[in-house]
Engineer: 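Let me give you the structure first, and then I'll get to my questions.
The basis for the numbers below is simple: all heavy atoms, side chains too, and nothing from hydrogens, waters or symmetry mates. By convention in this document, chain letters (A, B, ...) are assigned in the order of the sequence lines, proteins followed by strands, and residues within each chain are numbered from 1.
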Amino acid sequence: MTVDYKDTIALPETDFPMRAGLPKAEPVMLKRWEDQGLWQKQREQSKGNEKFVLHDGPPYANGHLHIGHALNKILKDIIVRSQQFMGKDSLYVPGWDCHGLPIEWKIEEQYREKGLDKDEVDINEFRKQCREFAGEWINTQREEFKRLGVFGDWDNYYNTMSFKAEAQIARELGKFLMNGSLYKGSKPVMWSVVEKTALAEAEVEYKEHKSTTIFVRFPIKKAGEPALEDASIVIWTTTPWTIPANRGIAFGPHINYSLYEVVEAEEGSATEVGQKIVVADAMAEDVQGRFKVAEWKHLQSVSAESLEATICHHPFHDAGYPYDVPVLAAEFVTTEQGSGFVHCAPGHGADDYELLTIKHGMPIPDTVAEDGTYYPSVPIFAGESTYTSDGKTGTANGAVMRELAMRKCLMAKENIRHSYPHSWRSKAPLIFRNTPQWFVSMETNDLREKALKAIDDTSFFPETGRNRLHSMIANRPDWCVSRQRAWGVPLPIFVSKQTGEPLRDQEVLDRIFAAYEEEGADAWFSRDPQEFLGNQYNADDFEQVKDVVDVWFDSGSTHAFVLEGRDELKWPADLYLEGSDQHRGWFHSSLLVGCGTRDRAPYDAVLTHGFVLDEKGMKMSKSLGNVTTPQEVNDQYGADILRLWVVSEDYTMDLRIGKGTLKQLADYYRRFRNTFRWLLGNMAHYDASKRVAVEDMPELERWVLHRLQELDILVREACNKYDFHKMYRALHDFCAIDLSSFYFDIRKDNLYCDASDDPKRLAALTVLDEIFNRLAVWMAPILTFTTEEAWLERYGDSMENSVHLQQFPETPVSWNDADLAAKWAKIRDVRRVILGALEIERAEKRIGSSLQAAPVVTVSEEIATILSDVDMAEVSITSDITIETGDVSADAFKLDDVEGVGVVAKEAEGGKCERCWKVLPEITEEHIICNRCDEATSHLAAAE
RNA sequence: GGGCCUGUAGCUCAGCUGGUUAGAGCGCACGCCUGAUAAGCGUGAGGUCGGCAGUUCAAGUCUGCCCAGGCCCA
């Protein structure tokens, strides 16, 4: 009967389970953190430390979180936590963006379902419902964010609809008003006929749309050269309804044009024999076909000079359109489609406005009302609609074409499908419409220049973000900040009925701001305007602007009411972090508000991450069925898996996620978890009073400490550069390659079988302690739940304990030993050769366990010197080993990349020690355990 | 259509200023162990470096074009 020696060895003992059960365990941990007031504890503990402020870009309080939110908030959390671990007082105040069209639209939808009309409801009642809607989503999202392990001041979050915020947003706008940057202008803007509002660029989406295209003949009134008399210029447009607003024709200065005369017209052609037409040469053949001209004659080329000197009649010049239509050169004209001439309506197109109004100073006619119908003042077409209130094509196109045809000016008519702007909410096609709007000038107070300078002074992660933001600021037009909507911060502006100028009086503004602060921006609508105007002005002399400010101005002002508005924070922020789309959004608007009011950006650094795609790199969409939600991942795997995902890929590029990704992540996770588990199991035998001094440790232990020192440097550098992928890789590979398959594997024998007071064993335990304390804390920003679980397993679950109250441990520089590392790199090479040789023995069924082997290793003099004081049997986990110096024999096992090492595997002689399983000559039938084990167990017995 | 960006083994990534047979981890296959066991160890098979053309003695690395994908804009 053999003794069960298993009881005499120090196997790992731990309650830290191999299987994590994160979906159930994480909520319990969250509850614990809440109960112990971990956030407050952390604040108290780091009071007075240098602050690190990552200012939260507010998500929109509308709908459940998607995977992109998770990426964003987890990345923020990892940064905030890592800064805290590096000794900062790292403060994160989450926030929400609340105003704006999508919420307004949701409430309007509810109205429509009940058969109510929004316009019949009191505006503040409507705003109240928007406010409640946003408030509910804030609560929902807050819980969803917390579930991800995101740590912040969740009880004191900020939002853009608080009274304080609304007042401050108005104050910021007031600054632009007072310094003259804010001006009233008129511009064609993207306009939704359905929602009766101008739309921000971000509110527009482009999708395919069917448009009627027409070729229209403009008779020449004043010819630029004699040949052009009695001729016509033909334009092409995809928006027939804009013809009444036409005030010019554009041609390309580098395009060749010619005059053609119709010789023979086909049946049904709108042309007449003898008619003279100017078109681009490149389009002539195409146009001839479309016009059903059987034959025409090329009369002559027409120069740019001639064209520029030409003036046309408006097609309806006989019926109330007596305008001269000048022919103007413009670079934007192409010969891809049409006739080579572009009709220009400055009230209905950006290029048109640029060319006619900005460049040639022509007035903009107001032709279309907010509901999409022509104003009563428009001859012929008064009341006709461009688009109807439900987004369908209106009557205007037909009416215009009828009138053109009547005058023999409609030369051809077709349909095309092309990309066309639509409202992101109603999905209805948009028009460009000339409207009075409020603008922040990019030039009046050198805003553009200041912003570009501020970009130079900002750090970008990755660096490419600088260029992207720079080119956007350099090219952007003035900022249209007004919206004809209800749910937002009203522009605090009174316009003088007499002069048309906005009132610029700080006292009036201050009264408005005070009212906003007191009861929210609703005050603008609920209070008597005279209250704001005071005694100095008469409300009857002013028009109260009812527009609200662009929501980008709201979020662009968060730094004012959050960073400046809270004592615990600081202005500017250390970091703004958002998806790369925010170059156009929050980074951009914050920069402009910052520079316009404080002459610099509200951030020192900007970090951008990519977008989340499916496993194949395609955009996620419900129709493709490739959507992964954070809720799913939490329920199936746990938030720590999602957090691991964030660092497992390079967030500066687009990230991918799907079933396969998650499976792989679970494997990565297991490696970390089992490393912790094994460490914890061995720490059960750790005794702090028996720690071994570094100088008394074996080389192998000192090598591990060297690695820890290298990693310490790497981890801190990576955190400072926000390069968590690199850090994660280094730590993962450390666990897998250095620890599990090398150090742990070798030291199992010592830890399990050596006498409890054996110096080597105690040294190993000391090192395991150093490893655990670092690995747990280094990984804590990423695996927040798992590292805490491990930490509490090790140090007890007292409410005072938490890994998140630790700092990255100081790691002595003296642990660094490059010579030792180089030596052990060589040793590992030799080990690889030995292990390779054993594999052959295994294949030949001569051995199973490596302890059955006692290989003979032949090495060069140089390597022999290196190995002279190394126990290669221990390192190779064999029972014995012979190292010989000399030439490697031909039949020895070798590796191509390890020179001067040959191994002949031999079986170990003797019997198997019942306790440590080594095969040793001293083992006999009577003596079933080896001398080392004998001593170890007697020691044990003595201790008992 | 324009601006910015990405494309290296099944997956996630290395590969510096162009220079010997392109690397790693994971996964996979096979084997070992059965005292980290729904774990641990080892070995192995996987790549036209998105494609084409060019510059060069030499290109994954430089240039151009094309393809695929992403963000932003029109």
Engineer: When you compare B:G54 with B:G2, how far apart are their C1' atoms, in angstrom units rounded to a whole number?
Structural biologist: 27 Å
Engineer: How far does the P atom of B:U55 sit from the matching atom of B:A68, given to the nearest Å?
Structural biologist: 27 Å
Engineer: Using whole Å, report how far NE2 of A:H422 lies from P of B:A74.
Structural biologist: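 Taking atom P of B:A74 as the reference, NE2 of A:H422 is at 15 Å.
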Engineer: Measure from the side chain of A:L613, starting at C-beta and using heavy atoms only, and say which of B:G69, B:G40, B:G25 lies closest.
Structural biologist: B:G69
Engineer: What integer number of Å spans the C1' atoms of B:G1 and B:G15?
Structural biologist: 36 Å
Engineer: Quick check on B:G70: is either OP1 or OP2 less than 4.0 Å from any side-chain nitrogen or oxygen of A:K619?
Structural biologist: no
Engineer: Is the phosphate of B:G35, meaning OP1 or OP2, less than 4.0 Å from a side-chain N or O of A:R915?
Structural biologist: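 No.
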Engineer: When you check the phosphate oxygens OP1 and OP2 of B:G42, does a side-chain N or O of A:S741 lie under 4.0 Å from one of them?
Structural biologist: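 Yes, A:S741 has a side-chain N/O under 4.0 Å of OP1/OP2 on B:G42.
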Engineer: Please work out which of the three classes, parallel, tilted or perpendicular, describes the rings of A:H725 and A:Y728, given edges at 30° and 60°.
Structural biologist: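 The arrangement is tilted - the two ring planes meet at 30° to 60°.
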Engineer: Under a 3.5 Å threshold, yes or no: a donor from one side chain and an acceptor from the other, between A:R677 and A:T14?
Structural biologist: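 No pair is found: no donor N or O on one side chain lies under 3.5 Å from an acceptor on the other.
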Engineer: What do the steps show when you test A:K918 against A:D749 for salt bridge (Lys or Arg N to Asp or Glu O under 4.0 Å), and what is the final call?
Structural biologist: CA-CA 9 Å; A:K918 281 187 186 175; A:D749 175 69; 3.6 Å; yes
Engineer: Which whole-number value in Å describes the distance from A:R468 CZ to B:U6 P?
Structural biologist: 12 Å
Engineer: Assess whether salt bridge (Lys or Arg N to Asp or Glu O under 4.0 Å) is satisfied between A:D581 and A:R584, documenting all intermediate values.
Structural biologist: CA-CA 6 Å; A:D581 58 331; A:R584 175 61 68 180; over 6 Å; no
Engineer: Please list, for nucleotides 28-33 of chain B, all pairs of protein and nucleotide N/O atoms separated by less than 3.5 Å.
Structural biologist:
unit_1: B:C32; atom_1: OP1; unit_2: A:K845; atom_2: NZ; d: 3.0
unit_1: B:C32; atom_1: O2'; unit_2: A:R842; atom_2: NE; d: 3.1
unit_1: B:C32; atom_1: O2'; unit_2: A:G848; atom_2: O; d: 2.8

Engineer: Does A:R831 or A:M618 map to a spot on RNA chain B nearer the 5' end, using the closest nucleotide for each?
Structural biologist: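 The residue closer to the strand's 5' end, by nearest nucleotide, is A:R831.
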Engineer: May I ask which nucleotide in the shown strands pairs with B:U48, Watson-Crick or G-U wobble, both distances under 3.5 Å?
Structural biologist: none
Engineer: Could you run down the sub-3.5 Å N/O contacts of the protein with nucleotides 11-15 of chain B?
Structural biologist:
unit_1: B:C11; atom_1: O2'; unit_2: A:Q664; atom_2: OE1; d: 2.4
unit_1: B:C11; atom_1: O2; unit_2: A:Q664; atom_2: NE2; d: 2.7
unit_1: B:U12; atom_1: O2'; unit_2: A:S648; atom_2: O; d: 2.4
unit_1: B:U12; atom_1: O2; unit_2: A:R729; atom_2: NH1; d: 3.3
unit_1: B:C13; atom_1: OP1; unit_2: A:D650; atom_2: N; d: 2.7
unit_1: B:C13; atom_1: O2'; unit_2: A:H725; atom_2: NE2; d: 3.4

Engineer: Say you pick atom C1' in B:C65 and the same atom in B:G42; how far apart are they, in whole Å?
Structural biologist: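 Nearest-Å result for B:C65 against B:G42 at atom C1': 48 Å.
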Engineer: Roughly, in whole Å, what's the span from CH2 in A:W645 to C1' in B:C26?
Structural biologist: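 Computing the A:W645:CH2 to B:C26:C1' distance gives 18 Å.
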Engineer: Relative to each other, are the rings of A:F587 and A:Y576 parallel, tilted or perpendicular (30° and 60° limits)?
Structural biologist: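 If you compare the ring of A:F587 with that of A:Y576, the planes turn out tilted.
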Engineer: Under the salt bridge (Lys or Arg N to Asp or Glu O under 4.0 Å) criterion, do A:D478 and A:K187 qualify, and how do the steps go?
Structural biologist: CA-CA 11 Å; A:D478 287 350; A:K187 272 193 180 180; 5.1 Å; no
Engineer: Would you tabulate the nitrogen or oxygen pairs shorter than 3.5 Å linking the protein to nucleotides 44-46 of chain B?
Structural biologist:
none

Engineer: Quick one: which residue pairs count as a salt bridge (charged side-chain N to carboxylate O under 4.0 Å, His left out) with a foot in residues 9-25 of chain A, not counting sequence neighbours?
Structural biologist: none
Engineer: May I have the distance from A:Y752 (atom OH) to B:G40 (atom P), rounded to whole angstrom?
Structural biologist: 12 Å
Engineer: Taking the nucleotide of RNA chain B with the nearest heavy atom to each, does A:K616 or A:K912 sit closer to the 5' end?
Structural biologist: A:K912
Engineer: Which one is paired to B:G1, where only Watson-Crick or G-U wobble pairs with both distances under 3.5 angstrom count?
Structural biologist: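 Partner of B:G1: B:C73.
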Engineer: Start with the C-alpha distance between A:E789 and A:R673, add both sets of side-chain angles, then the distance that settles salt bridge (Lys or Arg N to Asp or Glu O under 4.0 Å), and finish with yes or no.
Structural biologist: CA-CA 10 Å; A:E789 188 190 349; A:R673 186 169 185 93; 2.9 Å; yes
Engineer: Suppose you measure atom C1' in B:U63 against the same atom in B:G46; what distance do you get, rounded to whole Å?
Structural biologist: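 Their C1' atoms lie roughly 32 Å apart.
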Engineer: How would you list, by chain and number, every residue that makes a salt bridge (Lys or Arg N to Asp or Glu O under 4.0 Å) with A:D738, sequence neighbours excluded?
Structural biologist: A:R707, A:R828
Engineer: Between A:R671 and B:C26, is there a side-chain N or O to OP1/OP2 distance below 4.0 Å?
Structural biologist: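 Yes.
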Engineer: Scan A:G617 against the nucleic acid and name what it touches under 4.0 Å (heavy atoms): base, sugar-phosphate only, or nothing.
Structural biologist: sugar-phosphate
Engineer: Could you give the distance separating B:G51 and B:C67 at their P atoms, to the nearest angstrom?
Structural biologist: 15 Å
Engineer: Side chains of A:D640 and A:T786: is there a donor and an acceptor less than 3.5 Å apart?
Structural biologist: yes
Engineer: Could you tabulate the donor-acceptor pairs under 3.5 Å formed by side-chain atoms of residues 651-659 of chain A, not counting sequence neighbours?
Structural biologist:
unit_1: A:Y651; atom_1: OH; unit_2: A:Y722; atom_2: O; d: 2.5
unit_1: A:T652; atom_1: OG1; unit_2: A:D650; atom_2: OD1; d: 2.7
unit_1: A:T652; atom_1: OG1; unit_2: A:D650; atom_2: OD2; d: 3.3
unit_1: A:D654; atom_1: OD1; unit_2: A:F611; atom_2: N; d: 2.8
unit_1: A:R656; atom_1: NH1; unit_2: A:E615; atom_2: O; d: 3.3

Engineer: Need the glycosidic conformation of B:G18: syn if within 90° of 0, anti if not. Which one?
Structural biologist: anti
Engineer: Under 3.5 Å, is there any donor-acceptor pair linking the side chain of A:S740 to the base of B:A36?
Structural biologist: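 Yes.
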Engineer: Can you check the distance between B:A53 and B:C11, where both ends of the measurement are the C1' atom (answer in whole Å)?
Structural biologist: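 About 32 Å, rounded to a whole number of Å.
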Engineer: Anything under 30° is parallel, anything over 60° is perpendicular, the rest tilted; go ahead and classify A:W678 against A:Y752.
Structural biologist: tilted
Engineer: I'd like to know if the side chain of A:R915 reaches the main chain of A:T8, judged simply by a donor and an acceptor atom lying under 3.5 Å from each other, with no hydrogens or angles considered.
Structural biologist: yes
Engineer: Could you tell me which nucleotide pairs with B:A68 by Watson-Crick or G-U wobble geometry, both distances under 3.5 Å, or answer none if nothing does?
Structural biologist: B:U6
Engineer: Looking at A:H685 and A:L11, would you say the former's side chain and the latter's main chain have a donor-acceptor pair under 3.5 Å?
Structural biologist: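 Flag set: sc A:H685 to bb A:L11 pair under 3.5 Å.
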Engineer: Between B:G40 and B:G35, how far apart are the P atoms? Round to whole Å, please.
Structural biologist: 15 Å
Engineer: Quick one: label A:I877 by what it contacts on the DNA or RNA (base, sugar-phosphate, nothing), any heavy atom closer than 4.0 Å.
Structural biologist: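 Result for A:I877 = nothing.
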Engineer: Between B:G40, B:C26, B:C71, which nucleotide gets closest to the side-chain atoms of A:D667?
Structural biologist: B:C26
Engineer: Grab the CG-C1' distance between A:N682 and B:A39 for me, whole Å please.
Structural biologist: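 Distance check: A:N682 CG to B:A39 C1' gives 14 Å.
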Engineer: Please report the distance, rounded to the nearest Å, between CZ in A:R476 and P in B:G2.
Structural biologist: 23 Å
